[in-house]
Q: 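Can you read through this structure? Questions will come right after.
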Amino acid sequence: MGDNMDTTTSRGPGTGADPAPGIDMHFDHWSSKMAYSPYDVWARLRNECPVARTDKHGGFFVLSRYDDVFAAALNTETFSSDGDGLGVAIPPQDLRPLYPIDLDPPYHTRYRQILNPFFNMRTVARMEDSIRGLARELIAAFPASGVFDVAAAFTLPLPRRVGFQMLSFPEERTAEVSELVEAVMSNVVERQGAAAPRLFEVLSEILAERRAKPRRADLLDTVVFGEVDGVPVDEKQSFAMLILLLMGGLATTSAALGVMIECLADHPRSTAARCRRGRGCCSASARPTGTTGRSDGRTRCSSTGSRISTWASGSARTAASGRTWPSCRSRSPWRSCWPRCRRSWCMTTGRPTGWAASPG
Amino acid sequence: MTFRVSTDMERCQGHGKCVIQCPEVFDADEQGYVVVRAGEIPDSLRAAVERCVDDCPEGALGVT
């Protein structure tokens, strides 16, 4: 397959033995290599082949430099999230389009707008006390030995409880939905096996139940009855929004939390400094566990944060591993190393559009 | 000396990173979109604001 690759858009070293730069790496974001130890791969891509070609999943291009990814993320005409209906995921997922991430502006903006009231800073700030209460409850239950899987004990259950509370999901459904979402997220390449149809079934029931009930001003109400440009969302759109909220609310948030705990654990001195400065990273009782809270699992940070969720699938069962950030080995305080760290290794913001383009 | 901050409200999606990083200059409205607190910003905040400009995921901020 690699022999037929178009080399005209590649900017790698381009030796005769390497007709499509990067092709020899067979880059696959779903491989266990990328899940557990991706940094040398990213470094090689950035240094040797910033626009690489891979033969995996039908073939696609991979951007790895910050400026390139950023520019592509903003250039939605060339790097469409809609992708002619294929959506942002590589390989394309059965569950698509996911609203709103598989849309381009202006539609993306409109669908995002109806969800924004529940996620904007002021709304979330009002939830701080209750989330802090949940966090403290979980922390109080940490084993006294100090050695445990921080994902199982904290980074998975906290977002679940907050997420299901926000969605006002029926209590008796939350355990099953959590498991199904995790199964779906950790098995994307194999098309989610039996979990996806079951998740579809359960969520359809939940949506139907809500549709039959009187309106109430909550998030699930917006998912079911929301209007975009005066037109009510249809059932398929409701379902797609709900799936995305679950993936983002449970999986992505768990993974992000794991990455943060890892970073804090790797920089315990500056963590303490942040706490003293009252920067809001933690309260006295919610102090990160330093080196004791590490699990056997691994956290990884992709070059595009929106992929953290999917890569960390397996899932954020992972969380804090013992490794340090390759670009954060300086003795500088966490605050000053973080922007560098983020720019080169773990940009947490880019939209998925920027990360790779399907072949034309 | 002072400087000004420009915002592109069509681009702003309310990520709020600027509000978190530089609350002296940026605020969020009821919907979560960016509001610049003052027209003229003192130069002492320039470095912090420039970092916000660089970090905005939507490229919605600028310094003039």
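Both backbone and side-chain heavy atoms feed into the values below; hydrogens, waters and symmetry mates do not. Order of the sequence lines fixes the chain letters, A, B, ..., with proteins taken first and strands second; residue numbering starts at 1 for each chain.
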Q: Give, for atom CG of B:D54 and atom CZ of A:F70, the distance between the pair rounded to the nearest 0.5 Å.
A: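 Spacing of CG (B:D54) from CZ (A:F70) equals 8.0 Å.
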Q: Taking the side chain as every heavy atom from C-beta outward, state whether A:L74 and B:R11 have any pair of such atoms under 4.5 Å apart.
A: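 When only atoms from C-beta onward are counted, B:R11 and A:L74 do touch, with a gap below 4.5 Å.
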Q: Are the side chains of B:Y33 and A:M121 in contact, using a 4.5 Å heavy-atom criterion?
A: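 Contact flag for A:M121/B:Y33 side chains = no.
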Q: Sorted by first residue and then second, give each salt bridge (charged side-chain N to carboxylate O under 4.0 Å, His left out) pair with at least one member in residues 106-119 of chain A; sequence neighbours left out.
A: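 Every salt bridge (charged side-chain N to carboxylate O under 4.0 Å, His left out) pair that includes a residue of residues 106-119 of chain A, provided the two are not neighbours, is A:R110-A:D229.
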Q: Taking atom CD of A:E227 as the centre, report whether more than 12 heavy atoms of other residues, nucleotides or ligands fall under 6.0 Å from it.
A: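 It does: A:E227 CD has more than 12 such atoms within range.
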Q: Check this for me: B:M9, atom CE, are more than 12 non-hydrogen atoms of other residues, nucleotides or ligands nearer than 6.0 Å?
A: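 Yes - once you tally the heavy atoms of other residues, nucleotides and ligands closer than 6.0 Å, there are more than 12.
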Q: Hey, are the side chains of B:Q13 and A:H108 touching, using non-hydrogen atoms and a 4.5 Å cut-off?
A: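 Yes, side chains in contact.
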Q: Got more than 12 heavy atoms from elsewhere within 6.0 Å of CZ, A:F119?
A: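 Counting other residues, nucleotides and ligands, CZ of A:F119 exceeds 12 neighbours.
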Q: Is it true that, when you exclude B:E40 itself, more than 12 heavy atoms of the residues, nucleotides or ligands shown sit nearer than 6.0 Å to its CD?
A: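 Atom CD in B:E40 is packed in, count exceeds 12.
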Q: Quick one: closest heavy-atom pair of A:P117 and B:Q31, and the distance?
A: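 The answer is CG-OE1, 4.1 Å.
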Q: Checking B:E30 against chain A: side chain, backbone, both or neither under 4.5 Å from a heavy atom?
A: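 Both backbone and side chain.
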